[in-house]
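Report on one structure; see the data block that follows.
We count residues from 1, following the sequence as given. FYI, side chains are in, hydrogens and waters are out, and symmetry mates aren't considered; it's all heavy atoms of this structure.
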Amino acid sequence: MDDQADNGGGRATIRREDEPRWRRILRSRWTRALGGLVGIGLVGILAIWLIFARDLPSTDKLLAYEPPLPTNLRGIDGAPIYTFARERRVQLAYNELPPLLVDAFVSAEDKNFFTHHGIDVTGLAGAVVDYVRKAGTGDRARGGSTITQQVAKNLLTGNEYSVKRKVREAILAVRIEQTLTKQQIIEIYLNQIFLGRNAYGVEAASQSYFGKDVKDLTLPEMAYLAILPKAPSNYTPEHDMDRALARRSYVLREMAKNGYITEAQRAEADNTPLGAIGRQPIKQDMPPGYFAEEVRRELIQKFGENDGDGPYSVYAGGLWVRTSFDATKQAAAEKALRDGLARYANGHGWTGPSGHIEVGDGWQGRLIAANVGPGYADWKKAVVLSKSGGVAEIGFEDGAKGELPSYAASTPKTGTATAAYNFLKPGDLIVVKKDVSTWTLRSIPAISGGMVIENPHTGQILAMQGGWDFRGGSFNRATQAQRQPGSTFKPIVYSAALDNGMTPASIVVDGPFCVFQTARLGTKCFRNFGGGYAGPKTMRWGLEQSRNLMTVRIASQIGMDKVTQNARNLGVGDYPNQLAYALGAGDTTVLKMVNAYSALDNLGRQMPPTLIDYVQDRHGKVIYRADTRPCDGCNMKDWDGKPMPRPPVRGHQAIDATTATQIVHMMEGVVQRGTATILRDLGRPMFGKTGTTTGPTNVWFVGGSADLVGGLYLGYDRPRSMGGYAQGGTIAAPVFKQFALATMKDDPVKPFPLAPGIRMVRIDRSSGRRVYGGWPSNDPLSPIIWEAFKPETEPRRTIRRETAIKDAPKTQPKATDADFLQQQGGIY
């Protein structure tokens with residue numbers, strides 16, 4: 001043991017011989033100094049971890065990394081229709097990448113990629129020296145990053161220019177190299193790298209710059225793509241051709257130097273023109289339309305929008321979505337509704353400019369960004385650049401210019417007698433059409449509307465048009481506009497009556513009807529659309545002729561609570577028990593009305609309306625399906641001898657099947673003799689109902705065939721009168737007819753199905769009495785018709801012998817009840 005003592009100003013050490021040697025070593029100053037250094041080192045390592053490495057991703061995250069991919073929509077036939085993407089990317093596996101393309105990127109970005117362990121010491125040292133030299137100058141030092149570090153930057157650290165970011169990037173790069181193979185790293189890199197023109201990854205860039213798959217690229221084309229990662233905007237074919245060719249030459253020289261190509265290949269490629277195509281507007285750059293936008297909203301609600309919302313987000317999840325979109329029917333619905341809007345607007349004058357922008361430098365970009373929907377393919381969006389005398393100079397989205405003479409804009413502005421040309425001023429956004437060699441002013445209708453087409457047996461929405469043109473605004477009037485359906489609501493009233501003891505032949509008085517409301521509101525008296533009264537008539541006649549007084553009398557007789565319950569059952573809306581709602585005073589949407597009529601068409605069984613059939617993730621696994629019915633045994637390997645397995649019936653029974661058959665049969669009369677006779681010459685069984693709301697502010701038609709139901713309305717977004725002449729039968733029904741003519745011409749002619757138990761009985765159309773001696777004819781106005789009755793509700797034989805009515809045809813067709821039932825398939 002050592003003791004220290006004071007010896008007259010000096011110190012003396014007295015060593016105790018019995019102290020162990022290890023203790024003397026620990027007590028030495030060298031040991032204490034070494035321990036201090038080790039402690040400082042541990043504290044430094046901890047500090048580095050806290051500052052730089054604490055939030056870096058784990059190994060599991062690196063192994064599970066998948067780049068953001070767009071969502072692809074396909075139609076009912078499997079054809080692609082649209083892609084939702086913020087980053088245009090097509091993911092390729094490593095074995096799908098041409099080896100020469102990999103060599104080009106390695107030569108351009110990181111020639112030692114296959115030998116280093118994440119950090120290129122030589123490159124890093126040069127970057128450090130350059131950073132120190134440029135410190136304080138504001139200039140950015142060269143990167144010196146390896147391909148692995150670039151992958152690390154995109155995975156986590158972003159593009160912040162700082163020492164901290166570079167240290168984190170280096171740590172993560174080493175960790176990546178320890179976790180992934182070189183092939184996995186280069187695969188991630190070539191799929192995620194941004195290469196300009198909103199193209200992420202080499203496949204998207206190959207399509208964007210050369211219009212071909214990456215496997216079809218030539219050597220000079222591969223070399224060009226390899227120059228783009230650092231600064232795509234510096235090597236654009238449009239503005240930087242010389243710089244791009246010079247940089248491509250450098251990449252080709254590096255490839256030859258590294259032994260990837262021969263000198264002869266380099267020389268040949270170096271002398272090849274760049275060959276890049278101009279930036280082309282591709283399908284995905286066009287607006288998605290109302291249908292695709294509705295799908296997008298539904299997908300976002302189910303899976304989220306961005307990467308942080310989950311693995312199946314719309315803009316990063318790489319989903320494959322099979323929709324019910326029918327391209328033929330969508331095109332027909334779009335054109336029919338647009339033509340209907342244009343017909344109504346014709347003669348109402350020019351509605352004014354669609355907006356206004358500045359016309360100085362950059363007017364083309366502002367014009368492209370403006371939300372103006374021209375509608376027809378040959379109508380163009382334009383801006384008035386200047387106006388002098390009788391000619392206005394106009395500009396287009398492609399930068400071209402033209403002239404609009406005053407005589408080509410002579411239509412009066414709405415509400416005035418002055419030509420539209422006099423109202424034009426620079427900056428106005430207008431729509432024009434080229435007639436021969438002259439641009440002519442066109443007007444976007446102020447009125448709008450929505451249209452939906454549905455398969456009643458599956459609930460699939462085949463087409464949807466929510467206005468004039470989606471490019472003018474994404475508000476979807478088919479699903480978002482709450483409108484009064486008017487008389488298209490009446491079948492719901494009549495179906496409630498059929499459920500409560502009435503028949504199509506029941507007699508109802510078409511006469512004055514008033515009801516006391518409250519002491520404050522007094523008595524409310526209803527009236528027919530055209531005024532007047534017809535006296536006692538059959539319920540069928542009341543629906544065919546859309547008589548308001550008969551409708552409210554029926555609703556009052558059976559109770560409005562039964563009517564509103566029917567409306568809820570069919571998904572039309574939840575309304576109070578007030579008689580005005582029997583005439584369609586409650587708000588609803590086109591989609592809801594079409595789906596309700598589809599239930600009637602489908603023997604009362606209602607299918608939920610769907611736009612999406614199923615959704616697959618990027619690997620093909622189905623993650624959502626509209627039809628979720630189980631089917632035990634459907635996929636068995638061998639037949640087990642038992643009956644064929646079938647899934648349970650879809651949907652729910654919203655209304656009695658026999659009632660649905662009766663109401664559809666009555667609405668066939670609307671087409672044959674009522675307010676929708678414009679559809680009669682389609683030459684096939686059709687049912688439907690028109691509607692006109694008070695004002696009139698909206699005109700409607702809903703109906704269709706045995707296998708297709710459609711509906712639409714036209715009206716101003718801010719409801720106002722459409723004019724006293726406006727009616728659903730003259731404005732809305734012709735739109736559906738145009739659609740039907742375009743899409744049904746090749747469809748089989750099918751009768752509407754009959755519910756089990758329905759009895760078809762001959763009656764006098766006017767009186768509702770049963771007829772025994774006469775037969776219906778093919779004349780729509782035949783006094784004798786077949787009528788659908790529920791069991792035990794058909795008219796009975798009276799004491800007085802029933803005979804053929806005096807207006808029956810003189811020559812009766814030779815037919816029997818059995819013949820008719822045979823034609824209809826019997827009594828179901």
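- Of the listed residues (R625, R322, Q460), just one forms a side chain to side chain donor-acceptor pair (under 3.5 Å) with D613, and that residue is Q460.
- Looking only at distances, no side-chain donor or acceptor of D240 sits under 3.5 Å from a matching main-chain atom of R243.
- L228 has its side chain within reach of Y209: a pair of non-hydrogen atoms, C-beta onward, lies under 4.5 Å apart.
- Shown are W379, W439, W363; of these, the ring pair (Phe, Tyr, Trp, His ring centres under 6.0 Å) with F396 is made only by W439.
- Using a distance-only test at 3.5 Å, with no hydrogens or angles considered, no donor-acceptor pair links the side chain of S107 to the main chain of A104.
- Within the 4.5 Å cutoff, no side-chain heavy atoms of V174 are placed close to those of H117.
- Electrostatic pairing of E238 and R197 counts as a salt bridge here, judged by a charged N lying under 4.0 Å from a carboxylate O.
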Q.
Please determine whether side chain to side chain contact (heavy atoms under 4.5 Å, CB included) holds for the pair Q330 and I81, giving the CA-CA distance in whole Å, both sets of side-chain angles, and the decisive distance to 0.1 Å.
A. CA-CA 12 Å; Q330 177 64 34; I81 58 174; over 6 Å; no

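- No hydrogens or angles considered: nothing links the side chains of D309 and S313 as a donor-acceptor pair under 3.5 Å.
- P67 is listed as a side-chain neighbour of R618, based on a closest heavy-atom distance under 4.5 Å.
- Residue K230 places its NZ atom among more than 12 non-hydrogen atoms of other residues, nucleotides or ligands, all under 6.0 Å distant.
- Separation of atoms CG (L100) and CZ (F105) is listed at 11.5 Å; rounding is to 0.5 Å.
- The distance between the ring centers of Y624 and Y614 does not fall below 6.0 angstrom.
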**Study point:** V615 vs V622, side chain to side chain contact (heavy atoms under 4.5 Å, CB included): CA-CA, chis, key distance, verdict
**Key:** CA-CA 6 Å; V615 179; V622 175; over 6 Å; no

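- Across all their heavy atoms, V314 and T71 have their closest contact at O-OG1, 2.5 Å.
- Here the straight-line distance linking atom OH of Y224 with atom CG of L195 works out to 9.5 Å at 0.5 Å rounding.
- Here the side chains of I227 and Y250 are not in contact, with every heavy-atom distance at 4.5 Å or above.
- Minimum heavy-atom separation, L385 to V359: O-CG2, 4.1 Å.
- Taking the side chain as every heavy atom from C-beta outward, R74 and V321 never approach each other to under 4.5 Å.
- With N191 contributing its side chain and L92 its backbone, the two residues share a donor-acceptor pair below 3.5 Å.
- Within a 6.0 Å radius of CG in D361, other residues, nucleotides and ligands contribute 12 heavy atoms or fewer.
- Counting heavy atoms from C-beta outward, M464 and L611 have side chains that approach closer than 4.5 Å.
- Panel note: side chain E87, backbone R89; no donor-acceptor pair is recorded below 3.5 Å.
- Using a distance-only test at 3.5 Å, with no hydrogens or angles considered, no donor-acceptor pair links the side chain of D110 to the main chain of V106.
- T272 contributes a side-chain N or O that, together with a main-chain N or O of E268, makes up a donor-acceptor pair within less than 3.5 Å.
- Side-chain atoms of T148 and E177 include a donor-acceptor pair closer than 3.5 Å.
- A donor-acceptor pair under 3.5 Å is formed between the side chain of Q265 and the backbone N or O of T262.
- Under the 4.0 Å criterion applied to side-chain N and carboxylate O atoms, R297 and E305 are not assigned as salt-bridge partners.
- Atom CD in E254 sits 10.5 Å away from atom CD1 in I261 (nearest 0.5 Å).
- With values rounded to the nearest 0.5 angstrom, Y200 atom OH is found 5.0 Å from F194 atom CZ.
- By the 4.5 Å heavy-atom criterion applied to side chains, V384 and E393 are not counted as neighbours.
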Starting from the C-alpha separation in whole Å, work towards a yes-or-no answer on side chain to side chain contact (heavy atoms under 4.5 Å, CB included) for E66 and H619.
CA-CA 11 Å; E66 292 179 325; H619 304 296; 2.6 Å; yes

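- Atom CD of E358 sits in a sparse spot, with 12 or fewer heavy atoms from other residues, nucleotides or ligands closer than 6.0 Å.
- Residues A223 and L252 approach most closely at CB-CD2, 3.7 Å, considering heavy atoms.
- Within 6.0 Å of CD on Q183 lie more than 12 heavy atoms contributed by other residues, nucleotides or ligands.
- E294 and N476 form a side-chain donor-acceptor contact under 3.5 Å, judged by distance and modelled atom types alone.
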For side chain to side chain contact (heavy atoms under 4.5 Å, CB included), just list the numbers for N72 and L319, CA-CA rounded to whole Å, side-chain angles, deciding distance to a tenth of an Å, and then say yes or no.
CA-CA 6 Å; N72 297 281; L319 306 179; over 6 Å; no

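- Between the Q149 side chain and the T146 main chain, a donor and an acceptor come within less than 3.5 Å of each other.
- For residues 292-330, the ring pair (Phe, Tyr, Trp, His ring centres under 6.0 Å) pairs, not counting sequence neighbours, are F291-F325.
- Looking at S206 and E203, their side chains never bring a donor and an acceptor atom within 3.5 Å of each other.
- Nearest approach of T610 to S324, heavy atoms of both residues: O-OG, 3.4 Å.
- Atoms CG and CD, on L190 and Q91 in that order, are 12.0 Å from each other to the nearest 0.5 Å.
- Note that the CD atom of Q184 and the CD1 atom of I188 stand 7.0 Å from one another [nearest 0.5 Å].
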Check: So R86 and N306, side-chain hydrogen bond (donor to acceptor under 3.5 Å, both in side chains) or not? Walk me through it.
Finding: CA-CA 10 Å; R86 294 199 175 108; N306 299 310; 2.4 Å; yes

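- Two residues are said to be in side-chain contact when any heavy atoms from C-beta on lie closer than 4.5 Å; E397 and K381 meet this criterion.
- Here K621 does not pair with D617 in a salt bridge; the nearest charged N to carboxylate O distance is not below 4.0 Å.
- Contact between P98 and K215 at its shortest, heavy atoms only, is CG-CA, 4.0 Å.
- Looking at E221, its side chain does come within 3.5 Å of a backbone N or O of T218 through a donor-acceptor pair.
- Minimum heavy-atom separation, Y94 to E187: N-OE1, 3.1 Å.
- Looking at K182, its side chain does come within 3.5 Å of a backbone N or O of F113 through a donor-acceptor pair.
- Within 6.0 Å of CG in N635 there are 12 or fewer heavy atoms belonging to other residues, nucleotides or ligands.
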